[in-house]
Number of protein chains: 2
Amino acid sequence: MARPQRIPRPTVKRLSLYLRELEDLAEHQHETISSKRLGAALGLTDAQVRKDLAYFGQFGHPGVGYRVPELIGQLRKILGTDRNWNAAVVGAGNVGRAIIAYQRFRRKGFDVVAVFDDDPAIIDREIAGHRVRSMSDLARLVRELDIKIGVLTVPAAVAQEVTDRLIAAGVRGILNFAPVRLDVHDAVAVASVDFSVALEQLAFQISLGVTGSLDEKGEE
Amino acid sequence: MARPQRIPRPTVKRLSLYLRELEDLAEHQHETISSKRLGAALGLTDAQVRKDLAYFGQFGHPGVGYRVPELIGQLRKILGTDRNWNAAVVGAGNVGRAIIAYQRFRRKGFDVVAVFDDDPAIIDREIAGHRVRSMSDLARLVRELDIKIGVLTVPAAVAQEVTDRLIAAGVRGILNFAPVRLDVHDAVAVASVDFSVALEQLAFQISLGVTGSLDEKGEE
DNA sequence: AGTTGTGAACTGATTCACAGCC
DNA sequence: GGCTGTGAATCAGTTCACAACT
């Protein structure tokens with residue numbers, strides 16, 4: 001089970017895109033797919049696809065391509081979405097509500113099991129089937145409910161403070177929607193989504209005259 | 001005003017992060033900042049910061065650093081957020097509502113001037129001060145209201161079709177929240193935000209044992 | 001002293017091209 | 001015929017290191 005090699009960061013991002021495309025193919029009963037066609041669907045070369053996948057093992061079948069259901073299984077295992085994670089949403093504003101209602105999260109194995117906010121006006125109210133909890137219950141509930149992921153949908157000004165509390169309570173990863181860089185010690189993982197950054201990328205491309213899209217080829 | 005050089009894609013992403021940090025510094029009345037301190041705040045080297053900025057001109061002052069308000073102005077100009085863009089939100093579901101209410105968009109110069117949906121149950125209803133319009137009015141309103149940006153918050157299955165309609169109506173850029181790759185001819189810019197991809201990046205880091213964050217150093 | 005801007009060196013990522021397999 | 005996996009070659013991005021400036 002040794003995996004001695006360093007994985008390029010852009011590769012990890014593309015794995016998600018491969019999986020998304022493969023799940024689509026599976027729905028349309030495609031049994032196999034070649035690196036060439038998979039790459040074309042995502043704007044990548046065939047060599048790129050093969051190299052990315054080869055970091056993790058030999059999943060392909062010469063002369064045939066990759067078997068879709070098999071590769072889906074492998075990618076889920078690699079990405080860690082073959083198991084379930086309990087998650088807490090902190091911040092029941094507009095973005096928080098959207099996340100709670102986002103069906104795709106559950107399908108990826110993320111179960112929102114608690115929602116927190118510090119606004120007395122909404123504590124104990126129900127949002128999309130979840131009773132909003134007080135921040136003072138955070139540490140206790142993270143432990144009791146075995147919450148491993150914190151989804152941060154709070155204002156930027158309090159994001160770091162809430163992060164520290166989540167980590168102290170035992171969370172292993174933070175999905176950050178606040179427009180700030182979070183300082184965490186490196187036993188905790190962070191992934192950030194910043195709408196404004198995306199918007200500025202778009203504005204830049206448009207102002208530029210637009211030649212290629214900065215879309216999801218390496219980024220998103 | 002010639003700008004002959006090719007800009008690395010990671011550089012453009014970092015410009016947004018510089019701007020975010022600088023706006024924060026400006027609020028705390030910092031007059032100047034060195035590449036070293038700016039880099040440290042974002043987990044980057046000083047050389048990286050200087051090289052990124054130097055692609056666009058000579059904004060620094062040897063012995064002093066960068067003057068914060070001056071650099072903010074330059075970055076806004078470079079990113080194209082020094083002017084205003086009219087935007088339409090297509091899809092008035094949870095994500096669409098969150099976007100409509102997101103104050104930061106307006107501050108970046110993006111004005112949501114129309115909201116569209118195809119659900120008769122919500123057409124003509126008000127959402128956060130916007131009357132929801134029928135999809136059949138899309139082409140006409142894009143022209144009449146001079147809408148340049150389409151924000152796609154529709155289900156994946158119809159994302160490409162809606163994109164085609166937006167482009168046909170004259171939109172110059174698409175901010176895509178649907179988990180699909182959009183095919184567009186290259187006079188139109190696309191930037192994508194995919195929550196599931198972010199979630200999978202997080203899961204991967206956690207499963208890995210976690211050594212460094214894949215955060216926003218080059219990724220977001 | 002402190003700091004920028006930039007060519008040169010280096011590191012990392014992508015593409016090429018082909019042996020080996022179906 | 002088609003296709004994968006992978007070393008070698010190329011391309012892109014980052015860091016180094018230092019002259020020039022305040």
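We name chains A, B, ... by the order of the sequence lines, and we start the count at 1 in each one.
Considering only heavy atoms from C-beta on, F59(A) comes within 4.5 Å of I78(A) through its side chain. In this structure the side chain of I206(B) reaches within 4.5 angstrom of the side chain of W85(A), judged on heavy atoms. Residues T81(A) and F110(A) have side chains in contact (heavy-atom distance under 4.5 Å, counting atoms from C-beta outward). Taking 4.5 Å as the limit, some side-chain heavy atom of R106(A) sits within range of a side-chain heavy atom of D111(A). With contacts defined as side-chain heavy-atom distances shorter than 4.5 Å, the pair L71(B)/L53(B) qualifies. The closest side-chain heavy-atom distance from S16(B) to L79(B) is below 4.5 Å.
Checked options K13(B), R20(B), K108(B); the residue passing with E200(A) is K108(B) (criterion: side-chain hydrogen bond (donor to acceptor under 3.5 Å, both in side chains)). A side-chain contact (heavy atoms from CB on, under 4.5 Å) with Y18(B) holds for exactly one of V49(B), I33(B), I72(B); it is V49(B).
Q48(B) has no side-chain polar atom (N or O) that falls below the 4.0 Å cut-off from OP1 or OP2 of dG13(D). Between R14(A) and dA13(C) there is no side-chain polar atom (N or O) within less than 4.0 angstrom of OP1 or OP2. For the OP1/OP2 pair of dG2(C) and a distance below 4.0 Å, the side-chain nitrogens and oxygens of Y66(B) include no atom meeting the criterion.
When each of dT15(D), dT6(D), dA13(C) is scored by its nearest atom to the side-chain atoms of Q58(A), the top-ranked nucleotide is dT6(D). Across dT4(C), dC16(D), dT15(C), the shortest atom-to-atom separation from the side chain of A47(B) is found for dC16(D).
The separation between K36(A) atom NZ and dT15(C) atom P is 14 Å, rounded to whole Å. The CZ-P distance, from F56(A) to dG5(D), rounds to 13 Å in whole Å. For I7(A) and dA13(C), the CD1 to P distance is 10 Å, given to the nearest whole Å. Rounded to an integer number of Å, the gap from CG of D52(B) to P of dG13(D) is 11 Å. As rounded to whole Å, 10 Å separates atom C1' of dC16(C) from atom CG of D46(A). When the C1' atom of dT4(D) is taken as reference, atom OH of Y55(A) falls 16 Å away, rounded to whole Å. Whole-Å rounding puts the L38(A) CG to dG5(D) P distance at 12 Å. Taking atom CG on L15(B) and atom P on dG13(D), their separation rounds to 13 Å, with Å as the unit.
Each of G65(B) and T11(A) lies near DNA chain C, and the nucleotide nearest G65(B) is the one positioned closer to the 5' end.
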Using residues 152-162 of chain A as the side-chain source, report each donor-acceptor pair under 3.5 Å to any protein atom, sequence neighbours left out, with the distance given to one decimal.
residue, atom, partner, partner atom, Å
T153(A), OG1, V90(A), O, 3.0
T153(A), OG1, G91(A), O, 2.6
Q160(A), OE1, D183(A), N, 2.9
Q160(A), NE2, D164(A), OD1, 3.0
Q160(A), NE2, D183(A), O, 3.0

Pair up each side-chain donor or acceptor in residues 97-105 of chain A with any protein partner under 3.5 Å, not counting sequence neighbours, and list the distances.
residue, atom, partner, partner atom, Å
R97(A), NE, A92(A), O, 3.1
R97(A), NE, G93(A), O, 3.4
R97(A), NH2, A92(A), O, 3.3
Q103(A), NE2, A101(A), O, 3.4

Enumerate the protein-to-nucleotides 8-11 of chain D contacts in which both atoms are nitrogen or oxygen and the separation is below 3.5 Å.
residue, atom, partner, partner atom, Å
dA8(D), N6, K51(A), NZ, 3.4

Restricting to nitrogen or oxygen on both sides, can you table the protein-nucleotides 18-22 of chain C pairs closer than 3.5 Å?
residue, atom, partner, partner atom, Å
dC22(C), O4', P62(A), O, 3.1

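Within residues 25-33 of chain A, no residue has any heavy atom closer than 4.0 Å to DNA chain C.
For residues 59-76 of chain B, every residue pair satisfying the salt bridge (Lys or Arg N to Asp or Glu O under 4.0 Å) rule, not counting sequence neighbours, is listed here: E23(B)-R76(B).
In terms of heavy atoms, V113(B) sits closest to L145(B) at O-CD1, 3.8 Å.
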